[in-house]
*Asks:* 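This structure is in structure tokens; I'll ask about it shortly.
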Number of protein chains: 2
Amino acid sequence: MDNFTFHNPVKLIFGEGKMDSLTEEMPKYGNKVLLLYGGGSIKQNGIYDRIIEKLNDINSDITEFAGIEANPKLSTVREAIDVCKKEQIDILLAVGGGSVIDAAKAIAVGAKTETDIWDIITQKGKATGSLPIGTIVTIASAGSEMNASSVITNWETKEKKGWATPNAYPTFSILDPALTYSVPNKQTVFGIVDVMAHVLENYFHHTSNTAVQDGLAESILREMLDIGPLLLENPGSYELRESVMLSAVLARNGMVNMGYKGDWATHDIEHAISAIHDIPHAAGIAVLFPNWMKHVLHKDNAGRFMQLAVRVFHVDPEDKSEREAALEGIHKLREFWKTLGAPVSLKEYGISEDELDEIADKTVQVRPEFGNFEKLTRQDSIDIMKASL
Amino acid sequence: MDNFTFHNPVKLIFGEGKMDSLTEEMPKYGNKVLLLYGGGSIKQNGIYDRIIEKLNDINSDITEFAGIEANPKLSTVREAIDVCKKEQIDILLAVGGGSVIDAAKAIAVGAKTETDIWDIITQKGKATGSLPIGTIVTIASAGSEMNASSVITNWETKEKKGWATPNAYPTFSILDPALTYSVPNKQTVFGIVDVMAHVLENYFHHTSNTAVQDGLAESILREMLDIGPLLLENPGSYELRESVMLSAVLARNGMVNMGYKGDWATHDIEHAISAIHDIPHAAGIAVLFPNWMKHVLHKDNAGRFMQLAVRVFHVDPEDKSEREAALEGIHKLREFWKTLGAPVSLKEYGISEDELDEIADKTVQVRPEFGNFEKLTRQDSIDIMKASL
């Protein structure tokens, strides 16, 4: 392993009916609440009303900020920061999935500084604090509820940036699997892809002595394989929703990658794509990841791919070379996602070959080389995207 | 799963040379340090000198409190609390294993209240705060460095009590595997037993839908099986020490048992034994645990034992009943610990049949029924101990 620091102070409040704990948690941080949410599905499924009822029980002074979009925009974040400052907000309550919570992190940090939040996101400025953030998770996917990472898109410059600061950890996160019953199957599939992709991005590394972390990673992946198809047939199953919800957290809260650094090249390419085309993050990942795997697979790293194939995808290694077993595993991963209904081609989102240069430029904008498991260049990103068309 | 809250704010600082981070961490909490340690082995292996040097670098005002014993005593804790109050200590620095860190938790809580610490440990009084605790781990075993639990023995009343409060989480813990090179093999074995026992106590539960947690638990157990014998032959292997050190943390920091409650009956019996006989905790556990397994195994719970046998001890389930596979797994666990050199009989510690009544009384002193996987009574504890003589 590499030396590491693990310090994840998020209070995870998990289980059915746990929204009730709002009345206990919120008053610790003040009365003036900025309620953040997305497109309003929480008004249809009743979650909004339940939250308002709880907040009224403790006489919260509520300001609402709705309309946070998937791939949350810098312009939206800036608007919400202004509201925080003007209304002297004490605490943010972010209700939604990764997008709303990612936005909340930027808003919380931006509200406590005069530095423009984009400067902090792009590491030109430093975070100096943050408002406390409570989250209520309504889709199991990104795991943003238990980490300090966030992705924000600047549509003026067409840049989508991942960033993190210890200031951005939510203070508490409420995860009630029952709140995700009404998530449509398409989003559920993206959630499963996202959870698996986070584990897989971490899984590909060259650091030795990570057997226990590998075991956790493989357990999460196997669980997603086992329950994915069942969940699409039984979207109202508490246990299946529960399982994805916990897996989403464990995939991305820093446990699985204690002591090593994952690859994350596919995320870099996907961020470049969706900075130009506003496609669902997990859709891009589902198309790209198997192609990244095939692209970087070679005889010196095939052992890692084979381990994944054997332990997670139940590939029988007998009479197969490492490469053969590895390719069978990659095929099974792609087939699994395809069977769930995830896209297999970027063309499904109207992305064509003549845009790849622009996307590739964006991928290597910050670093000419990217990825940790295998160092990739601009040309590699083009090759991977071509294979993904 | 059951509903749960996970909130573990410990900053884990892991890796070779990480003692250097003392100079960064300590000044955040004040200048007056109470340095806690045990029998003085840290003076022989040079750890003490390195710590003093670091503390001198930041001009700490150091008070020393040495001699914290294995199975730390209430009388020792009370003494140290008095020192904290008299010297107006700002932060505790606990250097050692589970005993020193467990003691530090009681001292930290006791220093911030006028209530006697035994009343807090026995839940007659409430913790109202605590001094910050830094730890430097010198033996991988208890995992106390990343949880809020502690075990203290009252020799006046011959009671050994486990207790926990959110106030007792260490603020930061420094884990450098290289600091454990000089741990003698006997203690290394106890460490491995302790890590495995913590996982096993958690593993036996009846809660459904814990596949991911099971996977983590089984990974830790398999890793201990793989590396245990190697480590005894290569006590100076960084990677092997590293692996036990991380496993010790993961076995006991609340991750493995997210969403369910483990059994812990064996710990209850062992605590009663070592409240009377000052035997090493892990020695008692090594003898008792396989006998607890055999005692509680029956046809309706054999599936859980078989899962353990197959996934961890590589028992081939073909043509075996659940019970047969389960018994083979139990046998393999006992043999593994025996091969490492752990004791197999309580007689090795001079415990005889005529003491069992007194120990059994102590086991059920608080609760006439104990254990969560299977409810046990006083008679069960006698039967398990008889099988362990």
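Chain identifiers are assigned alphabetically (A, B, ...) following the order of the sequence lines, protein sequences preceding nucleic acid strands; residue numbering begins at 1 within each chain.
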*Asks:* Using atom types as modelled and distance alone, determine if a side-chain donor or acceptor of H7(B) lies under 3.5 Å from a backbone N or O of L12(A).
*Replies:*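 Here the side-chain-to-backbone pair does not exist.
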*Asks:* Taking all atoms of both residues into account, what is the closest heavy-atom pair of N209(B) and E239(A), and its distance?
*Replies:*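 Heavy-atom minimum between the residues: ND2-O, 2.8 Å.
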*Asks:* Is the count of non-hydrogen atoms from other residues, nucleotides or ligands lying under 6.0 Å from K332(A) atom NZ greater than 12?
*Replies:*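 Yes - once you tally the heavy atoms of other residues, nucleotides and ligands closer than 6.0 Å, there are more than 12.
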*Asks:* Let me know if S247(B) has heavy atoms under 4.5 Å from chain A in its side chain, its backbone, both or neither.
*Replies:*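 Answer is side chain: those atoms of S247(B) sit under 4.5 Å from chain A.
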*Asks:* Which bit of S208(B) comes within less than 4.5 Å of chain A, counting heavy atoms only: side chain, backbone, both or neither?
*Replies:*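 For S208(B), backbone and side chain are both near chain A.
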*Asks:* Return the option, out of M255(A), M258(A), R222(A), E218(A), with the maximum number of heavy-atom pairs under 4.5 Å with chain B.
*Replies:*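 Ranked by heavy-atom pairs under 4.5 Å with chain B, first place is M255(A).
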*Asks:* So, taking the atom named NZ in K18(B) and the one named OG1 in T5(A), what distance separates them when rounded to the nearest 0.5 Å?
*Replies:*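 That separation rounds to 5.0 Å.
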*Asks:* Which heavy atom of A211(B) sits nearest to which heavy atom of E223(A), and what is that distance?
*Replies:*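 Scanning both residues completely, I find the closest heavy atoms to be CB-OE1, 3.1 Å.
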*Asks:* Should we say atom CZ of R50(B) is surrounded by more than 12 heavy atoms from elsewhere, each under 6.0 Å from it?
*Replies:*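 Counting other residues, nucleotides and ligands, CZ of R50(B) stays at 12 neighbours or fewer.
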*Asks:* What's the separation between atom NZ in K11(B) and atom CZ in F6(A), rounded to the nearest 0.5 Å?
*Replies:*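 Separation between the atoms: 13.0 Å.
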*Asks:* Supply the atom-to-atom distance D2(B) CG to F14(A) CZ, rounded to the nearest 0.5 angstrom.
*Replies:*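 D2(B) atom CG to F14(A) atom CZ measures 11.0 Å (nearest 0.5 Å).
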*Asks:* Working to the nearest 0.5 Å, report the span between CE of M245(A) and CE of M1(B).
*Replies:*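 Between M245(A) CE and M1(B) CE, I get 11.0 Å after rounding to 0.5 Å.
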*Asks:* Within a reach of under 6.0 Å around NZ of K28(B), are more than 12 heavy atoms found that belong to other residues, nucleotides or ligands?
*Replies:*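 Yes, because the 6.0 Å sphere around NZ of K28(B) holds more than 12 heavy atoms from other groups.
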*Asks:* Given a strict heavy-atom distance threshold of 4.5 Å, which part of Q213(B) is in contact with chain A: side chain, backbone, both, or neither?
*Replies:*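 It is the side chain, since no backbone atom gets that close.
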*Asks:* Where does F172(B) contact chain A at under 4.5 Å (heavy atoms): side chain, backbone, both or neither?
*Replies:*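 Neither part.
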*Asks:* With a 4.5 angstrom heavy-atom cut-off, could you sort out which part of V212(B) is near chain A: side chain, backbone, both or neither?
*Replies:*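 For V212(B), heavy atoms of backbone and side chain both lie under 4.5 Å from chain A.
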*Asks:* Per the side chain to side chain contact (heavy atoms under 4.5 Å, CB included) rule, which among V256(A), L250(A), L216(A), I220(A) passes with L216(B)?
*Replies:*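 The option that passes is L216(A).
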*Asks:* Work out which heavy atom in G215(A) is nearest to a heavy atom in S219(B); give both atom names and the distance.
*Replies:*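 For G215(A) versus S219(B), the nearest heavy atoms are CA-OG, 3.0 Å.
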*Asks:* Checking side-chain polar atoms at under 3.5 Å, does E16(B) have a donor or acceptor matched by the opposite partner on N3(A)?
*Replies:*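 Note: E16(B) and N3(A) side chains miss the donor-acceptor criterion.
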*Asks:* Checking I227(B) against chain A: side chain, backbone, both or neither under 4.5 Å from a heavy atom?
*Replies:*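 When you check distances to chain A, no heavy atom of I227(B) falls under 4.5 Å.
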